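Each remark here refers to the structure printed beneath this line.
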Amino acid sequence: MVTASAAGLCRFVDASPTPFHAVRTAAEELTEAGFVQVREQDAWPTSPGDYFVIRGGSLVAWREAADTPAHAGFRVIGAHTDSPNLRIKQQHDRTFEGIAVVALEPYGGPILESWFDRDLKVAGRLALRDGSTALVDSEEAVLRVPHLAIHLDRSGSDIDRQQHLNGIWSLDPSAFLPWLAGRAGIGAEEVLGWEVMTADAQPSALYGADDEFVAAPRLDNLATCYAGLRGFLDAGTPAGPYRTMLALFDHEEVGSTSERGAASDLLATTVERTVLAAGGARDDYHRAVAASICASGDMAHATHPNYADRHEPLHHITMGGGPVLKVNQNLRYATDAEGAAEFARACDQAGVPLQRYIHRADLPCGSTIGPMSAARTGMLTIDVGAPQLAMHAARETMAARDVELYARALGAFAVPAR
């Protein structure tokens, strides 16, 4: 089971080089499980069942039984689909000393050193003249950001985000975007807009003496998307007076303030329309929100064996030690006492261990979709995760065992045994 879950994560990550691909991958699994896609511009389904909606690189899926009252609350598993990377600028073609170069810029907070001298493919979304969109993926390595030789820089100078991150791709000084569109069978004249980014071309892999670890790009936060999807589907249709929901948001790494980020109306609107379609009134929507709880899943910092001093000494987190409950007194995480107890009960139900994390008080703490989605909806919210190392590197690592434990905990959260 451990190896199967970890291998499933590797396949999910490799199929999802961008948020748009991650949403497509999740949508394919949902469709295979019998879910029906709903378009936001259409009337909401009034029959109970299994549905999902897509907005760009974000997806929300929900399940409700036939006897679910309109005012029933939601058990929401939340995550984000985006990861720090290098993205292609709008004007990106350059030629220098006979080399065709693509101008790149950082998205989010990547560990820039990890992107140098790495085989990079490109993928993303093209907006076409006819109003449609198309996903593209070069599939094979096409770009490389070469480091400066140590003989030319003994000082180890800082990386200039404007000058040092351009990728070489050809000795033929031709335009890059038409080449990429052509790979997808699309004429360059049809492309009016694009969101194209780089991704590690090396496949995800299991490693270690007995395949105990996962090495993969984008574990933050596709590991949660995968575990959340597995837990959501494995939990089945809820039998109690509540609905289950999976909410995968884009743009967390840059603040979530977009039309499809966690600070948008996507979650609140989906909840409201579902309540109203079930015959509820506005007051039923507010009752449903008050009865709802969200597990905001984002990966957690395992205690680094080479940098143990960078971690809170009373809160060491073990790889392979199970899901992580994240608490921050200054609300960089949304967890409070009630939420903490709720997730602890879920872990007990699933039979998995629970670890508790706080950040060192003398270091700035990152955040998640938790606080802003809590503020946006008013739902009780918990911040949770799974342990990993090298967060925001081009390639990250986690324990294979934690994939299964994480999915089981999120599934038990979605459908509590009480």
Side-chain angles (χ1 to χ4, degrees), residues 8 12 20 22-79 81 224-250 260 262 264-295 297 346 349 373 377 379 407-408 410-418:
F12 185 89
F20 310 110
V23 163
R24 183 179 69 180
T25 304
E28 289 173 349
E29 293 207 30
L30 289 166
T31 300
E32 186 175 344
F35 281 71
V36 176
Q37 182 173 355
V38 177
R39 299 197 316 158
E40 287 190 277
Q41 58 266 47
D42 293 341
W44 221 244
T46 56
S47 300
D50 301 342
Y51 302 99
F52 68 93
V53 64
I54 291 174
R55 187 186 289 182
S58 300
L59 175 150
V60 179
W62 65 98
R63 310 184 94 158
E64 62 178 331
D67 57 349
T68 305
H71 62 268
F74 291 75
R75 307 283 297 194
V76 184
I77 300 172
T81 59
T224 301
C225 293
Y226 175 76
L229 177 63
R230 290 269 56 81
F232 175 69
L233 289 176
D234 292 347
T237 302
Y242 56 88
R243 306 166 173 96
T244 57
M245 179 171 279
L246 176 71
L248 310 179
F249 295 103
D250 199 356
R260 58 183 183 265
S264 73
D265 69 346
L266 177 57
L267 178 58
T269 297
T270 304
V271 168
E272 181 178 11
R273 294 182 74 176
T274 301
V275 170
L276 297 180
R282 183 69 176 172
D283 189 59
D284 292 304
Y285 163 67
H286 289 293
R287 291 177 68 188
V289 169
S292 297
I293 181 168
C294 174
Q349 176 183 324
S373 60
T377 64
M379 291 183 187
R408 284 166 50 189
L410 291 174
F413 163 81
V415 181
R418 66 175 189 276

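Just so we're clear, the structure is a prediction, and the values are computed from it rather than from any experiment. Quick note: numbers below take in every heavy atom, side chains included, and nothing from hydrogens, waters or symmetry partners.
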Grab the two heavy atoms, one from [X] and one from [Y], that are nearest each other, plus how far apart they are.
| X | Y | value |
| --- | --- | --- |
| Ile77 | Ala414 | CD1-CB, 4.1 Å |
| Glu40 | Ile54 | OE1-O, 4.3 Å |
| Gln349 | Pro416 | OE1-CA, 3.3 Å |
| Ala346 | Ala412 | O-CB, 3.3 Å |
| Phe35 | Ala61 | CE2-CB, 4.4 Å |
| Ala70 | Val275 | O-CG1, 3.4 Å |

### Message
Please confirm whether the ring centroid of Phe232 lies under 6.0 Å from the ring centroid of Phe52.
### Response
no

[X] versus [Y]: any side-chain heavy-atom pair under 4.5 Å?
| X | Y | answer |
| --- | --- | --- |
| Val415 | Tyr242 | yes |
| Leu276 | Trp44 | no |
| His71 | His286 | no |
| Leu248 | Val23 | no |
| Val271 | Thr377 | no |
| Met379 | Ser373 | no |
| Tyr51 | Thr274 | no |

Is a side-chain N or O of [X] found less than 3.5 angstrom from the main chain of [Y], in a donor-acceptor match?
| X | Y | answer |
| --- | --- | --- |
| Arg243 | Thr68 | no |
| Ser58 | Arg260 | yes |
| Arg75 | Phe413 | yes |

Nearest 0.5 Å please: distance from the [atom1] atom of [X] over to the [atom2] atom of [Y].
| X | Y | atom1 | atom2 | value |
| --- | --- | --- | --- | --- |
| Ser292 | Met245 | OG | CE | 8.0 Å |
| Asp250 | Leu59 | CG | CG | 11.5 Å |
| Leu410 | Arg408 | CG | CZ | 12.0 Å |
| Thr244 | Phe74 | OG1 | CZ | 9.5 Å |
| Leu229 | Thr224 | CG | OG1 | 12.0 Å |
| Arg273 | Tyr285 | CZ | OH | 13.0 Å |

### Query
Relative to the ring of Tyr226, is the ring of Phe12 parallel (under 30°), tilted (30 to 60°) or perpendicular (over 60°)?
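Taking Tyr226 first and then Phe12, their aromatic rings sit tilted (interplane angle of 30° to 60°).
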
Atom pairs and distances, donor-acceptor, side-chain atoms in residues 26-34, under 3.5 Å, two or more places apart:
| residue | atom | partner | partner atom | Å |
| --- | --- | --- | --- | --- |
| Glu29 | OE1 | Arg230 | NH1 | 2.7 |
| Thr31 | OG1 | Ala27 | O | 2.8 |

